[in-house]
Amino acid sequence: MILRNALQEAGFEVLEAEHGLSGLERLKEVGSVDLATVDWNMPEMNGLEFVSAVRANNAHSGMILMMITTETEFEQLEQAMQAGANEYLMKPFTRDLLLGKLSILGLRAG
């Protein structure tokens, strides 16, 4: 909810999914999106599995994936990046830090 509010307040359109599997279903419904923010710890399909599944589908090759999580171990950051995440943001974070990361990735509200 905090992430959704921060993105909406910044002018981004937000679609939500309950977990990784429902996220993949949403992508089938709407097609590719510019950005997916992914929590490492999700039921049904964790964030690492989601990132790997998205990267295995060429239809989503241009989508930016940002892992946003409480997981702070360097090995997990490394796994996420190797799986295809473009960025890794550790909780807790500020709105400014989130928007700064998005700016670095070339994303601005439209």
Side-chain angles (χ1 to χ4, degrees):
M1 187 167 83
I2 293 169
L3 181 60
R4 178 189 67 222
N5 290 343
L7 291 170
Q8 286 176 332
E9 287 172 8
F12 289 93
E13 179 182 351
V14 177
L15 304 172
E16 293 180 278
E18 189 175 339
H19 49 71
L21 286 177
S22 63
L24 291 177
E25 289 299 316
R26 289 297 308 262
L27 287 175
K28 286 179 187 174
E29 294 169 11
V30 302
S32 196
V33 297
D34 295 329
L35 167 73
T37 59
V38 183
D39 195 327
W40 188 289
N41 299 305
M42 296 187 293
E44 310 255 348
M45 172 185 273
N46 70 36
L48 188 62
E49 294 166 333
F50 177 84
V51 168
S52 295
V54 168
R55 288 299 180 231
N57 185 336
N58 287 334
H60 306 301
S61 62
M63 186 182 349
I64 294 171
L65 298 171
M66 182 186 297
M67 186 76 73
I68 300 179
T69 183
T70 57
E71 302 299 332
T72 59
E73 296 295 321
F74 179 76
E75 293 79 21
Q76 289 169 308
L77 181 149
E78 190 174 48
Q79 283 181 315
M81 301 306 273
Q82 287 177 353
N86 299 92
E87 189 57 77
Y88 196 96
L89 182 60
M90 293 177 201
K91 296 177 187 176
F93 58 87
T94 64
R95 179 181 180 274
D96 288 341
L97 184 57
L98 170 66
L99 297 179
K101 293 259 188 186
L102 294 178
S103 179
I104 289 168
L105 292 168
L107 294 172
R108 288 174 179 64

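Note: hydrogens, waters and symmetry copies are ignored here, and every other heavy atom, side chains too, is used. Position 1 is the first residue of the sequence, and the numbers go up from there.
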Original post:
Where do A80 and M67 come nearest, in terms of heavy atoms and distance?
Top reply: CB-CE, 3.9 Å

Original post:
Minimum heavy-atom separation for A10 to L99, with atom names?
Top reply: CB-CD2, 3.7 Å

**OP:** Check whether L3 and I64 end up in the same hydrophobic cluster, where Ile, Leu, Val, Met, Phe, Trp and Tyr are linked by side-chain heavy atoms less than 4.5 Å apart.
**Re:** yes

Original post:
Should L15 and L107 be counted in the same cluster of Ile, Leu, Val, Met, Phe, Trp and Tyr side chains packed under 4.5 Å apart?
Top reply: no

Subject >> Worked verdict on I2 versus F93 for side-chain contact (heavy atoms from CB on, under 4.5 Å) >> reply: CA-CA 10 Å; I2 293 169; F93 58 87; 5.6 Å; no

**OP:** Side-chain contact test, heavy atoms from C-beta onward, threshold under 4.5 Å: evaluate it for L98 versus I68 and give yes or no.
**Re:** yes

Original post:
Taking all non-hydrogen atoms of both residues, which atom of A53 and which atom of L24 are closest, and how far apart?
Top reply: CB-CD1, 3.9 Å

Original post:
Which pair of heavy atoms, one from F50 and one from L27, lies closest together, and at what distance?
Top reply: CZ-CD1, 4.1 Å

Original post:
Residues in side chain to side chain contact (heavy atoms under 4.5 Å, CB included) with S61, at least two apart?
Top reply: none

**OP:** Say whether L65 and M81 are linked into one hydrophobic cluster, either directly or through other cluster members, by side-chain heavy-atom distances under 4.5 angstrom.
**Re:** yes

Original post:
Near Q8 CD, under 6.0 Å, is it more than 12 heavy atoms from other residues, nucleotides or ligands?
Top reply: yes

Subject >> Qualifying salt bridge (charged side-chain N to carboxylate O under 4.0 Å, His left out) pairs with a residue from residues 25-34, counting only residues at least two apart or across chains >> reply: E25-K28, R26-E29

Original post:
Taking C-beta and beyond as the side chain, do M66 and L102 meet within less than 4.5 Å on heavy atoms?
Top reply: yes

Original post:
Are L105 and M63 in one and the same hydrophobic cluster, where Ile, Leu, Val, Met, Phe, Trp and Tyr link if side-chain heavy atoms are under 4.5 Å apart?
Top reply: no

**OP:** Can you see which heavy atom on E49 is nearest to which on M45, and at what distance?
**Re:** OE1-CA, 3.3 Å

Original post:
So if you build clusters from Ile, Leu, Val, Met, Phe, Trp, Tyr with side-chain heavy-atom gaps below 4.5 Å, do L35 and M90 land together?
Top reply: no

Subject >> Partners passing salt bridge (charged side-chain N to carboxylate O under 4.0 Å, His left out) against R4 (at least two apart in sequence or in another chain) >> reply: E16

Subject >> Pairs where residues 94-105 contributes a residue and the test side-chain hydrogen bond (donor to acceptor under 3.5 Å, both in side chains) is met, not counting sequence neighbours >> reply: E87-K101, S103-R108

**OP:** Could you pull out all residues at least two apart from D39 that satisfy side chain to side chain contact (heavy atoms under 4.5 Å, CB included)?
**Re:** N41, M42, T69, K91

Subject >> side-chain hydrogen bond (donor to acceptor under 3.5 Å, both in side chains) involving N86 - partner list, sequence neighbours excluded >> reply: R55

Subject >> Residues that Q76 engages under side-chain hydrogen bond (donor to acceptor under 3.5 Å, both in side chains), provided they are two or more places apart >> reply: E71

Original post:
Are V38 and N46 side-chain neighbours, meaning at least one heavy-atom pair lies under 4.5 Å?
Top reply: no

Subject >> Value rounded to 0.5 Å, distance of OG1 in T72 from CH2 in W40 >> reply: 11.5 Å

**OP:** Considering non-hydrogen atoms only, spot the tightest contact between L48 and A83 and give its length.
**Re:** CD1-CB, 3.6 Å

